[in-house]
Amino acid sequence: MSEVPPPDPKRRLFFALWPADELRRQIEESTVGLARHSGGRVVPARNFHVTLAFVGEVTQEQMSSVLSAAEATSASRFSLVLDQIEAWSKANVLVLDTPRTPPELALLVDRLHFNLLEKQIKLKREVYRPHLTLARKLPGLRALQKIAPFNWAVHEFALVESSTTGKEAGFAETRYAVLARWSLA
Ligand code: 3AM
């Protein structure tokens, strides 16, 4: 009797801007009060990120395509100013964001999508709005609030793996791990 090989384990991936520890700490310090007050599930500072492209579950075979798509993606460094906190009703999240997407960032996202598509990795495409999620599952909406801006000098992007632990124990916790980073020119 021939043995059935185990299924290829899939990994859940996304591309993101990943803040340095100091910026992560500063953002937490000035937003945690609002995040708690929102009544939603507060995102821990270690999970703060700005998603560029959600790839989803990939096989080990697709993993090399994802890596080479990123390798082929060149874009310029830019400054990302995050200066407002608002609730997004559709996703039901509280976010730190900006009304102005830097053109270099829009180009980076476009090129990443294009290069992934060239490797047969097709992503859902929505209008891109950079944001950093502070809380999820909000019980209600809240008004937009301007805050003292965070000026983030972005010089790299990252491939991040998302995993959920504790499901069996009745609590689910999302963990993110940076798998690779690419410098911007
Ligand atoms: O960056 P934010 O917090 O907006 O909600 C997930 C998170 O978004 C989103 O990908 C980011 C990293 O986990 N996400 C999770 N599942 C998704 C899906 N199926 C998704 N985005 C699109 N489609």
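Ligands are counted one by one from 1 in listed order, and the atoms in each one are counted from 1 as well. Model, not experiment: these values are computed from the prediction.
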So which protein heavy atom does [atom] come closest to, and at what separation?
atom: atom 11 (C) of ligand 1; result: Thr51 OG1, 3.5 Å
atom: atom 7 (C) of ligand 1; result: Arg136 NH2, 3.9 Å
atom: atom 4 (O) of ligand 1; result: His131 NE2, 2.5 Å
atom: atom 13 (O) of ligand 1; result: Tyr176 OH, 3.5 Å
atom: atom 2 (P) of ligand 1; result: Thr133 OG1, 3.5 Å

Are Arg24 and Glu28 close enough for a salt bridge, meaning some N to O gap below 4.0 Å?
no
Compare every heavy atom of [Y] with every heavy atom of [X], then report the nearest pair and how far apart it is.
X: Phe78; Y: Leu108; value: CE2-CD2, 4.3 Å
X: His113; Y: Lys124; value: CE1-O, 4.0 Å
X: Leu184; Y: Arg77; value: O-NE, 3.3 Å
X: Gln84; Y: Thr98; value: NE2-C, 3.9 Å
X: Tyr176; Y: Trp18; value: CB-CH2, 3.7 Å

Proximity to ligand 1 by part of [X], non-hydrogen separation under 4.0 Å:
X: Arg129; value: neither
X: Arg12; value: side chain
X: Trp88; value: neither

CZ/Arg46 to CG/Asp21 distance, rounded to the nearest 0.5 angstrom?
12.5 Å
Could you list which atoms of ligand 1 come closer than 4.0 Å to a heavy atom of His49?
1 (O), 2 (P), 3 (O), 12 (C)
Give the atom numbers and elements of ligand 1 that come within less than 4.0 Å of a heavy atom of Lys124.
23 (N)
Of the listed options (Phe54, Phe48, Phe15), which comes nearest to atom 20 (C) of ligand 1 when hydrogens are ignored and any heavy atom counts?
Phe54
N/O separation below 3.5 Å, Ser162 to ligand 1
no
Under 3.5 Å, side chain of Arg136 to main-chain N/O of Val93, donor-acceptor pair present?
no
